[in-house]
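Only one structure is covered here, and it is reproduced in the block below.
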Amino acid sequence: MIPSIDHAAGASTGKAVSQWSGAPREQAVQRMFTAIATRYDLNNSLLSFGLHHRWKTTAASRIPMHTHGRALDLGAGTGDLALLLDGRMGPYGRVMAMDLNFAMLRVGAAKIDRHGLAARIACFRGNAERIAFLDDTFDAVTTGFCIRNVGDRPQAFREIHRVLKPSGRFVCLEFSRPVSAWLRRVYDWYSFHLLPTIGTWVARDHTDVYRYLPESIRTFPDQEHLAALLREAGFSRVDYQNLSGGIVAIHVAVK
């Protein structure tokens with residue numbers, strides 16, 4: 001059973017793409033992710049040419065090693081980042097894996113159980129804009145391809161800042177803006193033409209989720225703008241690392 005720590009229907013889904021705006025859009029996005037949950041991992045591997053594993057491993061490596069660490073993975077989805085995060089929290093550590101979408105989280109919980117880590121990684125349904133934990137709870141908070149789908153990103157960043165301990169670290173792995181013009185052109189062609197076709201075929205899904213995804217990427221803040229939002233939320237030190245030419249970026253923010 002996956003407990004819920006926030007039963008709010010308002011998803012952690014974005015307002016950035018105009019044709020997907022408002023509460024009906026939030027509900028539609030949740031339905032889309034529910035429809036593809038069981039094939040989400042397969043599609044990630046195909047559409048990223050397997051690179052998503054390296055991206056997540058690199059993101060997890062930006063979290064310091066702990067002995068009694070406590071970590072929160074927001075938008076945990078199918079659990080990949082939460083599993084990597086467990087190795088950073090030490091022998092007496094604990095990871096909370098939180099996601100709004102029940103179907104995705106159920107797949108993640110099953111994967112965590114197969115790894116024999118259900119006693120160390122707890123799965124909860126919750127909203128990134130209203131994190132149901134006390135102030136100064138976690139040594140680390142991570143998100144992997146989640147923040148792009150959050151409606152009120154400044155509010156989510158304030159919540160992340162609140163639940164981190166002093167000197168705690170937030171690591172955000174997200175699609176970003178390729179640094180070179182030629183790569184942006186190639187990436188746009190891939191995102192808007194090839195990705196929707198392959199994604200829809202593999203997922204056997206026709207809810208437009210693989211058309212929503214590239215639009216949400218295009219309207220997401222670039223590296224510098226996202227860093228500025230984190231500083232505005234109260235983080236004292238923010239830096240970022242581009243991966244794969246800036247297709248993906250890892251932002252690290254310290255409280």
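In what follows, residues are counted from 1 in the order of the sequence shown.
The side-chain contact (heavy atoms from CB on, under 4.5 Å) check on His53 picks up Ser45, with sequence neighbours excluded. Applying the salt bridge (charged side-chain N to carboxylate O under 4.0 Å, His left out) test to Lys56 and every residue at least two apart in sequence or in another chain returns Asp80. When the side chain to side chain donor-acceptor pair (under 3.5 Å) test is applied to Ser180, the partners found at least two apart in sequence or on another chain are Trp182. Here Phe235 pairs with His161 under the ring-ring contact (aromatic ring centres under 6.0 Å, His included) rule; sequence neighbours left out. Under the ring-ring contact (aromatic ring centres under 6.0 Å, His included) criterion, His52 pairs with no residue, sequence neighbours left out.
Closest approach of Leu81 to Gly144, counting heavy atoms only: CD2-N, 3.8 Å. Closest approach of Glu159 to Ile131, counting heavy atoms only: OE1-N, 2.8 Å. Listed here is the closest heavy atom pair of Val107 and Ala37: CG2-O, 3.9 Å. Of all the heavy atoms in Cys123 and Ile112, the pair that sits closest is SG-CD1, 3.6 Å. In terms of heavy atoms, Ala71 sits closest to Leu85 at CB-CD2, 3.4 Å. Closest of all the heavy-atom pairs between Gly245 and Leu183 is O-CD2, 3.6 Å.
A single hydrophobic cluster is not seen to contain both Tyr240 and Ile160; linkage of ILVMFWY side chains at heavy-atom distances under 4.5 Å, directly or through other members, places them apart. Follow the hydrophobic side-chain contacts under 4.5 Å out from Leu164 and you reach Phe124 in the same cluster.
Within 6.0 Å of CZ on Arg54 lie no more than 12 heavy atoms contributed by other residues, nucleotides or ligands. Heavy atoms of other residues, nucleotides or ligands lying less than 6.0 angstrom from CZ of Arg177 number 12 at most.
Judged by distance alone, the side chains of Arg62 and Gln241 do bring a donor and an acceptor atom under 3.5 Å apart. Between Trp55 and Ser48, the side chains place no donor N or O within less than 3.5 Å of an acceptor N or O (distance only, hydrogens not considered).
With hydrogens and angles disregarded, a donor-acceptor distance shorter than 3.5 Å links the side chain of Tyr190 to the backbone of Leu47. A distance-only check finds a donor-acceptor pair linking the side chain of Ser236 to the backbone of Val254 [under 3.5 Å]. Distance alone, capped at 3.5 Å, places no donor-acceptor pair between the Arg158 side chain and the Ala233 backbone. Of the possible donor and acceptor atoms, one in the side chain of Glu129 sits under 3.5 Å from a partner among the backbone N and O of Asp152.
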Quiz item: Could you go step by step and tell me if Leu51 and Ser244 meet the side-chain contact (heavy atoms from CB on, under 4.5 Å) rule?
Solution: CA-CA 9 Å; Leu51 288 172; Ser244 302; 4.0 Å; yes
Exercise. Apply the test side-chain contact (heavy atoms from CB on, under 4.5 Å) to residues Asn242 and Val179: give CA-CA distance (whole Å), side-chain angles for both, the deciding distance (0.1 Å), then the verdict.
Key: CA-CA 9 Å; Asn242 286 320; Val179 294; 3.6 Å; yes
Quiz item: Going through the distances and angles, do Phe220 and Phe175 end up as a ring-ring contact (aromatic ring centres under 6.0 Å, His included)?
Solution: CA-CA 8 Å; Phe220 189 67; Phe175 290 108; 9.3 Å; no
Quiz item: Checking side-chain contact (heavy atoms from CB on, under 4.5 Å) for the pair His251/Leu173: CA distance, chi angles, key distance, verdict?
Solution: CA-CA 7 Å; His251 282 71; Leu173 170 66; over 6 Å; no
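Rounding to the nearest 0.5 Å gives a distance of 5.0 Å between NE2 of His115 and CG of Leu83. Distance check, rounded to the nearest 0.5 Å: CG of Leu229 to CD of Glu224 gives 11.5 Å. Residue Leu74 holds its CG atom at 4.5 Å from CE of Met98, rounded to the nearest 0.5 Å. Of the inter-residue distances, the one linking Ile147 atom CD1 with Thr143 atom OG1 reads 4.5 Å to the nearest 0.5 angstrom. Note that CG of Asp99 and SG of Cys146 are 7.0 Å apart. Values are rounded to the nearest 0.5 Å. Rounded to the nearest 0.5 Å, atoms CZ (Arg94) and CD1 (Ile121) are 9.5 Å apart.
Contact annotation: the side chain of Phe133 never approaches that of Arg162 to less than 4.5 Å [non-hydrogen atoms, C-beta and beyond]. Put simply, the side chain of Tyr92 reaches to within 4.5 Å of the side chain of Thr67, judged on heavy atoms. Thr34 is not listed as a side-chain neighbour of Phe102, based on a closest heavy-atom distance of 4.5 Å or more. Between Val248 and Phe145, the closest side-chain pair of non-hydrogen atoms falls below 4.5 Å. Looking only at side-chain heavy atoms (C-beta outward), Pro91 and His68 stay at 4.5 Å or farther from each other. Between Met89 and Val95, the closest side-chain pair of non-hydrogen atoms falls below 4.5 Å. Side-chain contact between Leu134 and Val163: absent, with no pair of heavy atoms (C-beta onward) separated by less than 4.5 Å. Residues Asn127 and Arg130 have side chains in contact (heavy-atom distance under 4.5 Å, counting atoms from C-beta outward).
Every pair passing side-chain hydrogen bond (donor to acceptor under 3.5 Å, both in side chains) that includes a residue from residues 163-176 is listed here, sequence neighbours excluded: Asp139-Lys165, Arg148-Glu174, Ser176-Gln223.
Using the six-membered ring where Trp is involved, Phe170 and Phe157 have ring planes that are tilted, between 30° and 60° apart.
Ionic pairing of Lys255 and Asp136 is present here: one or more N-O contacts between side-chain nitrogen and carboxylate oxygen are shorter than 4.0 angstrom. A salt bridge between Glu215 and Arg218 is absent, with no side-chain N of the basic residue lying under 4.0 Å from a carboxylate O of the acidic one.
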